[in-house]
Amino acid sequence: MKIGIVGSGPSGLYLSIFLKIKHPESEVIVFEKESKLSKKLYATGNGHCNLLNKNLSKDKYNQPVFMAPVLEKYNYAFLEGVLKSLGIEVTSNGDYVYPLSESAPSYALYLKKLAEKVGVSFLIETRVIDYVVKGSNIEVKTEKKNYVFDNFVIATGGRSDPKLGSDGSFYGVLKKHGYSLVEPRPGLTPLTLNDKDIKPLAGVRHKANVKAFLGKEKIFDENGEILYKNDGISGIVIFNAESAIYRHKFPKDIELVVDLFPDWDFEELVKRLAHDEGLNSKFYLDSYLVEPLQKHVLARSKGKDALCVATAMKNLRYSVKCHYNFDYSQVTIGGVSLEEVDENLLSKREKGVYLIGELLDVDGNCGGYNLTWSLISAIIAFKAL
Ligand SMILES: Cc1cc2nc3c(=O)[nH]c(=O)nc-3n(C[C@H](O)[C@H](O)[C@H](O)COP(=O)(O)OP(=O)(O)OC[C@H]3O[C@@H](n4cnc5c(N)ncnc54)[C@H](O)[C@@H]3O)c2cc1C
């Protein structure tokens, strides 16, 4: 058996290793246009590589209906077992799971060396420009020469920072082959805001609850640390809010509501503010908020009494302008429609062609859900090959 895989990201890399371990006699060639394998993997999890999540809920993905049976079959225990079978030990922080080294570069290197050891062949700096299905073979065209395979797996990822390899250029090839695409949009990015009064807050961090509304409909509600920027707002909770918003095709009237003290209900916060103001009316807010955020809250408060200040603290409303662009996106929302593949991720359109990883219209929240999908999609295709 001769299998070609385009893309050495985690999905292509995992699949190549599974195949060579199970079928040592087969030839597995991975094409990578960059000079380094799996470039994006090095940048994951802030350099720590958040590779799985213990709470693998379907609702963390844009495709809950598709993911429900998939996650039932490939649950956390199963996936951890698969990694262990490859010699990968993990550690966790809450639900977030990392390689024991907690180092993305070490993890990427480990996978590369393992792939080489089991006999995967890599063709780096080799861009696949097209392919042709000819009877039961697939001819893969690169800028240098052509190769013929029994099966061809497309694992070219989505679109994010092109420096990390994800330029989205393979979407064009697939469009030419007739595949339908759900319009790719940047996912897990900061948000720009229309509110000009946030400028002085740039650099300020605070733990908060964030809700997102499209018109009157609440579509997101999560706690986490926010980070104000010159033109908007960032932080993991905001990345997740951004994805929740832009999974909607044409989101309109987008509003964020930030509660700076979600652990206390309104009455409790009023009681505490009133008490503390009584003790030191001049500087009691110093124990609640850093100065720029105090000023921001007071400027938005209808009065200086505890009731008004608590109302402002629990209801900072921001109007969302847009997401940041693809250079900042950690995952692509959209991609090749799931309608184009069967339950084995085999193309319904072209014989012997599989599509895996972020290339497909599957995106997850921050927290390891996207690398989890890379792994699961590689396992699904592996089982069918
Ligand atoms: C900064 C950052 C941090 C992240 N952190 C996390 C995290 O901690 N946890 C998590 O779950 N997810 C994280 N992600 C998302 C995760 O990295 C991706 O979802 C995952 O890498 C997708 O894997 P993939 O194999 O499908 O595609 P990719 O990793 O994008 O790999 C695709 C590969 O295909 C190659 N390629 C493309 N076209 C061609 C061609 N024509 N010819 C040859 N080669 C080609 C590309 O160069 C690339 O190497 C992060 C993303 C970013 C940008």
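Numbering of residues begins at 1 and proceeds along the displayed sequence. Just so you know, ligand 1 is whichever comes first in the structure, and atom 1 is the first atom listed for that ligand.
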N/O separation below 3.5 Å, [X] to ligand 1:
X    : answer
E32  : yes
V128 : yes
E34  : no
T44  : no
S169 : no

Legend entry - Candidates R159, Q330, K40 - the one meeting side chain to side chain donor-acceptor pair (under 3.5 Å) with E358: K40
Below a 4.0 angstrom heavy-atom separation, can you tell me which part of [X], side chain or backbone, both or neither, approaches ligand 1?
X    : value
K40  : side chain
W373 : neither
S11  : both

Inset, instruction - For ring-ring contact (aromatic ring centres under 6.0 Å, His included), just list the numbers for Y61 and Y369, CA-CA rounded to whole Å, side-chain angles, deciding distance to a tenth of an Å, and then say yes or no. - result: CA-CA 8 Å; Y61 290 89; Y369 296 100; 5.8 Å; yes
Report yes or no: does a heavy atom of [X] sit under 4.0 Å from some atom of ligand 1?
X    : result
K39  : no
D363 : no
V6   : yes
S329 : yes

Looking only at non-hydrogen atoms, which of [options] approaches [atom] most closely?
atom                    : options               : value
atom 15 (C) of ligand 1 : K33, K163, Q330       : Q330
atom 53 (C) of ligand 1 : N365, L37, D161, L164 : L164
atom 5 (N) of ligand 1  : G12, G45, S38         : G45
atom 21 (O) of ligand 1 : S8, G9, P10           : P10

Interfacing atoms of ligand 1 (cut-off 4.0 Å, heavy-atom, [X]):
X    : value
G165 : 46 (C), 47 (O)
F31  : 43 (C), 44 (N)
A43  : 1 (C), 3 (C)
G357 : 26 (O)
F170 : 41 (N)
T126 : 42 (N), 43 (C)

Legend entry - Cluster check I376, F78: I/L/V/M/F/W/Y, side chain < 4.5 angstrom: yes
Inset, instruction - Would you verify whether the NZ or CZ of K2 falls within 45 degrees of the ring axis of F149 while also being under 6.0 Å from that six-membered ring's centre? - result: yes
Legend entry - Cation-aromatic face contact R205/Y228, 6.0 Å, 45 degrees: no
Tell me if the [atom1] atom of [X] is crowded by more than 12 foreign heavy atoms within 6.0 Å.
X    : atom1 : answer
K295 : NZ    : no
Y328 : OH    : no
K348 : NZ    : yes
E268 : CD    : yes

Legend entry - Parallel, tilted or perpendicular, as decided by the 30° and 60° cut-offs, for the rings of Y147 and F31: perpendicular
Inset, instruction - Check the angle between the aromatic planes of F152 and Y131 and answer parallel, tilted or perpendicular using the 30° and 60° thresholds. - result: tilted
Legend entry - Ring centers of F239, H323 separated by less than 6.0 Å: no
Inset, instruction - Compute the ring centroids of Y42 and Y107, then answer whether they are less than 6.0 Å apart. - result: no
